[in-house]
Amino acid sequence: MAKVKITETVLRDAHQSLLATRMPLSDMMPALDQIDKIGFHSVECWGGATFDACIRFLDEDPWERLRILKDHMPNTKLQMLFRGQNMLGYRPYADDVLKYCIQKIGANGMDIMRIFDALNDLRNLETTINAIKLEKGMEAQVAISYTTGDTYTTQYYVDYAKRCEEIGADSICLKDMAALLTPYRTYELVKAIKENVKIPLQLHTHYTSGLASMCCLKAVEAGVDAIDTALSPLALGTSHAPTESMVAALQGTEYDTGLDLKALAAIRPHFMELRKKYIESGLIDQKMLAADPKALLAQVPGGMLSNLLSQLKQMGKEDQLDAVMEEVPRVRKDAGMPPLVTPSSQIVGSQAVMNVLYGERYKKVTNEFKALVKGEYGRTPIAIDPELRKKIIGDEAPIECRPADLIAPELETLKAECAQWCEQEEDVLTYAQFPTVAPKFFEQRNAKKHGVDLEHADKESQVHPV
Ligand code: CO
């Protein structure tokens, strides 16, 4: 029996789930050498949200962060989360930009790319998988976004897993971003998938409803090859099962992870200090730390819930939250039952808000919802009702092909648009994915290099208006 492998998430999903991805590189640095010595299967450390938070809030170049992480963890595989054709952004990109992006991700030190498509439409992952295969030693792991509903039978997941294997995935991840998995459902799915595919299977689930450790254990018993966990100070709540606890649970059994509990314990104090700091500064809300089985009833990912609440607050309509929550499943059904994961969660959520606030369903439709219904994001898991589609997109023809086939090459245009700020080849990708935030970030970064702190200069001018 092969040992169960552990992917440590403390540098990505753990802080994304608990403190909105605000852990700066400086907080990671003191622990990197120790983490590198543990012998983790991989360390997840990068993704769309880390990229976004780096340039929007932390004033850090995400590419530079990746290079530094690689330098300090030379013995550990680095892992990231990637949105397939949507890359690290919120819209599908042309193939030329996508290929360039993957080439740069490989060149900067990434080892495993976990990729997913919000609609579980594999056509949106083909270019990504093929491009990853061109990068020496890089692994393409395809994540199946787990969700519930009539469409999502065990057979659905088995079929999807088989197709992932057929199109060249090196491994598969059962990705339960919304913490909907229960222990026995996990067992059933893992067993069924393992019986039907040869490539390794990994489990990613969240602690939100209090079940993650049990799901991990049942997955292990059913033959899963790897599980995602987080070092204990940043585990539980909306994060993952604690690494040390899972290692202890499996120690001395046929599933032993082979990891050293003493070495893991030595890293704990550093992250406990960080936990204390984040709680005191309010970055970690105590509410995030309690198990909340309501998630199982709402079927709405935790991150989506807090986004909806903040959208409604901005409009002074937070009293409408319950109505919006009831509208979400209806909109999701109308939109062809997509799993709720970036960007489908934002698209369905915003449309549900519109439907409630306008007092009439689809009286006002967001551009993104229209695009989703039209097929611009790919094929939805179940077909959209033609009448509803006509109401949303009028006489426009729905898209049946792979959506990226309709997007003209755009790399050269993007390069020209951002040439004035670029200091490294990767900058065009930062710009492509975050066109409104990136220019401000570049200007701040460039000013810093020349010894001027723009943020500080701004404050100065507010104090002493000229
Ligand atoms: Co996650």
Side-chain angles (χ1 to χ4, degrees), residues 5-23 40-53 78-84 86 88 90 112-118 120 141-148 157 171-182 185-186 189-190 201-216 219 224 226-232 234-243 246 284-285 288-289 291-292 295-296 298-307 338-346 349:
K5 294 174 175 147
I6 301 277
T7 291
E8 173 55 52
T9 64
V10 73
L11 304 185
R12 204 281 296 181
D13 205 352
H15 73 100
Q16 179 170 332
S17 301
L18 291 175
L19 54 138
T21 332
R22 299 294 206 284
M23 190 190 289
F40 288 120
H41 167 60
S42 62
V43 169
E44 196 198 32
C45 59
W46 222 59
T50 39
F51 206 102
D52 193 336
L78 302 189
Q79 183 166 331
M80 72 174 295
L81 188 60
F82 192 73
R83 300 170 187 158
N86 302 331
L88 302 164
Y90 300 90
I112 303 174
M113 288 180 74
R114 176 180 291 170
I115 56 178
F116 70 95
D117 176 63
N120 281 344
Q141 180 175 80
V142 178
I144 309 174
S145 302
Y146 177 74
T147 187
T148 51
Y157 293 105
S171 60
I172 297 170
C173 172
L174 182 58
K175 176 179 160 67
D176 178 28
M177 58 282 164
L180 297 176
L181 274 174
T182 56
R185 178 73 176 131
T186 309
L189 282 176
V190 169
L201 176 65
Q202 182 152 7
L203 177 68
H204 177 88
T205 185
H206 285 260
Y207 219 96
T208 322
S209 43
L211 300 175
S213 299
M214 290 180 267
C215 292
C216 284
V224 88
I227 53 174
D228 287 9
T229 61
L231 283 165
S232 53
L234 292 176
L236 304 175
T238 47
S239 178
H240 307 280
T243 304
M246 287 313 303
I284 294 183
D285 186 324
M288 298 290 172
L289 300 175
D292 183 3
L296 293 167
Q299 313 262 308
V300 166
M304 186 176 171
L305 187 67
S306 54
N307 274 337
L340 296 175
V341 63
T342 303
S344 56
S345 54
Q346 289 86 346

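Scope of the values below: all heavy atoms of this structure, side chains included, with no hydrogens, waters or symmetry mates. Along the sequence shown, residues are numbered consecutively beginning with 1. Order of listing sets the numbers, starting from 1, for every ligand and every atom in it.
In this model, no donor atom of one side chain and acceptor atom of the other lie less than 3.5 Å apart for S17 and S239.
At a cut-off of 2.8 Å, measuring from the Co ion (ligand 1), the protein N, O or S atoms that fall short of it are D13 OD2, H204 NE2, H206 NE2, waters left aside.
With sequence neighbours excluded, the residues forming a side-chain hydrogen bond (donor to acceptor under 3.5 Å, both in side chains) with D228 are R114, Q202, H204, listed by chain and number.
By the 30° and 60° cut-offs, the orientation of the rings of H206 relative to H240 is tilted.
Taking OG1 from T50 and CG from L88, the interatomic distance works out to 7.5 Å, rounded to the nearest 0.5 Å. Here the OG1-CD distance, from T229 to E44, works out to 11.0 Å after rounding to the nearest 0.5 Å.
With hydrogens and angles ignored, the 3.5 Å screen pairs a side-chain donor or acceptor of T243 with a backbone N or O of A230.
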